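If you're wondering where the values come from, they're calculated on a predicted model, not measured in any experiment.
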Amino acid sequence: MDRKHWKCWLWKFLWVGSLLALGLVWFGVLKQSLIFGVGPELLLWNALILGVLSIPIKLDCQNCSTCSVKQ
């Protein structure tokens, strides 16, 4: 697997994980309960950390056919 494709998939995985964690936070707050035994504070931190980790990977992406980025 090409290094650019690996980075692209890693970025997508981190981004989707961040969105999923954020969605679980909203669901947990609305239901006022734990999700999978985890409180919303921990899930919110997970969403923040995964989102921040995905930023430098996406900014490093140049001329990638997987992401359709042309620079």
**OP:** Only counting residues at least two apart or in another chain, list the ones meeting side-chain contact (heavy atoms from CB on, under 4.5 Å) with Leu10.
**Re:**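 Scan of Leu10 (side-chain contact (heavy atoms from CB on, under 4.5 Å), adjacent residues dropped) gives Leu14, Ile57.
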Donor-acceptor pairs under 3.5 angstrom involving side-chain atoms of residues 20-48: please list them, not counting sequence neighbours.
residue : atom : partner : partner atom : Å
Asn46   : ND2  : Leu42   : O            : 3.4

Subject >> Nearest heavy atoms of Trp11 and Ser54, plus distance in Å >> reply: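 Scanning both residues completely, I find the closest heavy atoms to be CD1-O, 3.0 Å.
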Original post:
In the hydrophobic cluster built from side-chain contacts under 4.5 Å, what are the other members alongside Phe13?
Top reply: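 The other cluster members (ILVMFWY side chains, heavy atoms under 4.5 Å, direct or chained): none.
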Subject >> Cation-pi check, Lys12 onto Trp9 ring (under 6.0 Å, within 45° of axis) >> reply: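 Judged by the rule (NZ or CZ under 6.0 Å from the ring centre, within 45° of its axis), Lys12 counts as positioned above Trp9.
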